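Order of listing sets the numbers, starting from 1, for every ligand and every atom in it. Quick caveat, the model's predicted, so the values are computed rather than measured.
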Amino acid sequence: MNMYNLKIIKMKEKLLFLMVFVLATMVPVSGQTSALCDMSSSENEPQPVFPVPTERQLAWHDMEFYAFMHFGINTFTNREWGNGNESINTFAPTAELDVEQWVTEIKNAGMKGIVLTCKHHDGFCTWFTNTTEHSTKNNTTTYGHVDIPALLSAECARQGLKFGAYISPWDRNNAEYGRAGYVTTFREQIREICTNYGELFEMWFDGANGGSGYYGGANESRSIDAETYYDFPNTFKMIRELQPNCAIWGWEQDCQWVGNEEGWAGETSWSTFDNGANGNEYGDEDGWRWLPSECDAKNGNGWFWNTSADNTGQIKTAQQLFDIYMTSVGRNSNLILNFPPNKAGVLSTATVNNLRGFKTLYDAAFGTDLALTGTATASAERSSSVSGKFAASNVNDNDNETYWALEDGQTSGEIEIDLGSSQTVKYVRLGEYIRKGQRVKGFEIHTWNGSSWVKQATTTATTTIGHRRIVQLTSPVSTSKVKIVITDSKVCPLINRISIY
Ligand code: FUL
């Protein structure tokens with residue numbers, strides 16, 4: 001068998017990136033000229049600063065906010081990790097699964113997709129798999145004989161949401177777990193999910209492995225070497241062929257765990273990553289690869305719905321959900337927020353209330369982007385033969401493919417938005433044109449008081465921007481003009497979005 005060693009793959013990747021880095025340093029990131037310089041194009045296109053995201057990662061960044069749904073055997077046992085010995089009919093919804101309600105509520109709350117636990121650590125497959133009998137296909141309860149990914153992916157497609165899948169590598173039911181046989185089964189399960197349920201935007205491969213389990217009746221502890229056992233390089237190759245646009249979560253692929261389950265990324269947050277010595281929450285400023293973080297958080301007291309979940313105090317308030325949004329999406333991370341259906345196959349009333357409450361807060365905060373009707377001007381603009389190519393006005397044109405840029409070597413500058421009249425400003429939302437790398441290291445927010453600029457205090461550090469950064473002013477300010485001062489940047493900054501609320 002082709003049991004690649006993940007470490008060797010990683011070394012190869014690192015070498016490749018180092019070569020790219022060497023090439024990158026030969027291009028004029030700080031004003032010097034070079035033979036590789038943009039073929040002297042009069043369009044004056046800025047060079048990227050490496051590493052940069054792939055097309056797949058760019059699409060993933062745009063997902064920003066989506067739901068997790070843990071639903072399976074554990075929903076009916078009050079457990080978070082099933083042992084693998086649960087009988088198939090333990091999965092016994094008391095009513096037909098209302099996937100229309102799941103998707104409607106998630107969509108109305110502003111989320112762009114749903115990642116479903118198709119198989120958790122207990123090994124129970126919630127689709128009609130050919131790989132094991134431990135599946136809903138053999139369920140004989142009134143409402144349990146369901147192919148949930150089929151139902152949910154179809155409903156997501158109908159309502160315009162993306163669909164994703166969580167398939168646990170650790171399988172406490174499978175008798176072959178820990179041996180070669182299971183690796184083939186596991187890959188086949190992934191192939192089924194990649195083949196039969198339309199386009200996937202994300203696949204989650206959790207790293208948990210607690211050792212003990214049922215394992216077909218053996219009831220023992222089995223440990224594996226996670227780096228080699230699953231032969232992930234070959235599985236990932238298959239996923240790339242079957243689902244080229246699907247982001248793989250974990251295992252150092254397209255995106256990664258932020259490092260906590262509370263839904264926060266660092267106030268300084270780089271999508272570039274080396275070894276996480278600073279903690280995954282922060283990324284690494286000089287990281288050699290693009291590996292952005294995803295914040296995962298639950299709205300209740302467990303990942304699965306349980307009988308105490310809806311009790312007072314167990315579920316996050318709408319305000320807490322909003323705060324999580326701010327510390328994740330607001331800090332250059334994606335947010336996957338868990339809303340588990342209950343035994344009746346619906347999102348509970350408390351969950352729905354949370355979702356709607358969150359949306360009310362979201363709309364109150366970000367309903368009107370004042371910058372869209374404002375006028376942007378900058379201290380300087382990069383020259384180009386294409387008129388307006390790097391103009392200040394690109395930051396508020398609602399087009400993420402256009403951006404304001406400075407000349408090579410300029411790592412600071414100012415851009416202001418004239419709002420036309422006095423408005424109350426509380427939040428500023430910024431975005432870099434990350435297709436050419438993450439650059440900004442420091443910025444400030446100033447407002448016009450009628451005669452001079454006043455630097456505003458913010459509730460969070462104003463260091464990195466990345467794909468998205470949302471900054472809240474410590475106190476809302478009445479002003480007719482807002483200025484973003486870029487104080488430091490790796491190389492010339494490229495800003496594609498400024499929104500003011
Ligand atoms: C963890 C799992 O062990 C939890 O049960 C849950 O699925 C969470 C999202 O990932 O590692």
Side-chain angles (χ1 to χ4, degrees), residues 63 65-84 86 90-91 106 111 113-127 148-149 152 163-174 177 186 189-190 193 200-214 221-224 226-227 229-230 232 247-265 276 280-281 293-306 308-309 314-316 321 324 328 333-342 351:
M63 288 298 291
F65 181 31
Y66 35 89
F68 224 163
M69 282 194 181
H70 280 66
F71 187 58
I73 287 276
N74 298 336
T75 311
F76 301 87
T77 57
N78 262 350
R79 297 187 65 168
E80 281 289 293
W81 284 6
N83 187 46
E86 298 80 9
T90 305
F91 180 80
I106 294 300
M111 285 174 257
I114 300 176
V115 175
L116 175 75
T117 52
C118 300
K119 183 183 83 166
H120 203 251
H121 310 327
D122 51 67
F124 184 62
C125 296
T126 63
W127 75 98
I148 308 177
L152 189 56
F163 178 67
Y166 172 118
I167 308 172
S168 171
W170 184 28
D171 188 320
R172 303 176 92 185
N173 174 265
N174 197 291
Y177 185 79
F186 178 45
Q189 293 176 341
I190 295 169
I193 295 291
L200 302 167
F201 80 96
E202 178 171 305
M203 291 192 98
W204 243 74
F205 296 111
D206 191 65
N209 189 308
S212 68
Y214 172 68
S221 196
R222 293 184 184 173
S223 59
I224 49 109
E227 286 215 343
Y229 173 60
Y230 298 111
F232 266 132
I248 296 175
W249 179 97
W251 307 89
E252 305 186 345
Q253 294 299 302
D254 301 308
C255 54
Q256 65 173 340
W257 189 44
V258 75
N260 65 75
E261 290 184 339
E262 287 116 44
W264 63 272
N280 285 20
E281 284 90 348
S293 64
E294 180 188 80
C295 293
D296 59 332
K298 42 196 174 211
N299 85 319
N301 54 351
W303 290 102
F304 287 85
W305 186 87
N306 61 62
S308 70
Q314 301 279 13
I315 285 207
K316 292 193 176 63
L321 295 180
I324 286 177
S328 55
S333 190
N334 276 10
L335 171 60
I336 183 165
L337 205 42
N338 189 60
F339 294 99
N342 65 15
T351 301

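With hydrogens left out, the protein atom closest to atom 2 (C) of ligand 1 is His121 NE2, 3.4 Å, a heavy atom. Taking atom 7 (O) of ligand 1 as the reference point, the nearest protein heavy-atom neighbour is His70 NE2, 2.7 Å.
Between Phe304 and Phe76, a ring centre-to-centre spacing not shorter than 6.0 Å is recorded. Between Phe71 and Phe91, the ring center distance clears the sub-6.0 Å criterion. Residues Phe205 and Tyr230 keep their aromatic ring centres 6.0 Å or farther apart.
The distance criterion of under 3.5 Å between nitrogen or oxygen atoms is not met by Trp204 with respect to ligand 1. Considering backbone and side-chain N/O of His120, one or more are found under 3.5 Å from N/O of ligand 1.
Minimum heavy-atom separation, Ser328 to Gly263: CB-O, 3.8 Å.
Counting only non-hydrogen atoms, the option in Asp206, Val115, Asp296 that gets closest to atom 11 (O) of ligand 1 is Asp206.
The one candidate from Ile167, Ile190, Asn173 that meets the side chain to side chain contact (heavy atoms under 4.5 Å, CB included) condition with Lys119 is Ile167.
For the 3.5 Å distance criterion, the side chains of Ser168 and His121 qualify, holding a donor opposite an acceptor.
Not a single heavy atom of Phe304 lies less than 4.0 angstrom from ligand 1.
Per-residue contacts place Phe68 under 4.0 angstrom from the following atoms of ligand 1 (heavy atoms of the residue considered): 9 (C). Which parts of ligand 1 touch Ala208 is read off a 4.0 Å heavy-atom cut-off, strictly below it: atoms 3 (O).
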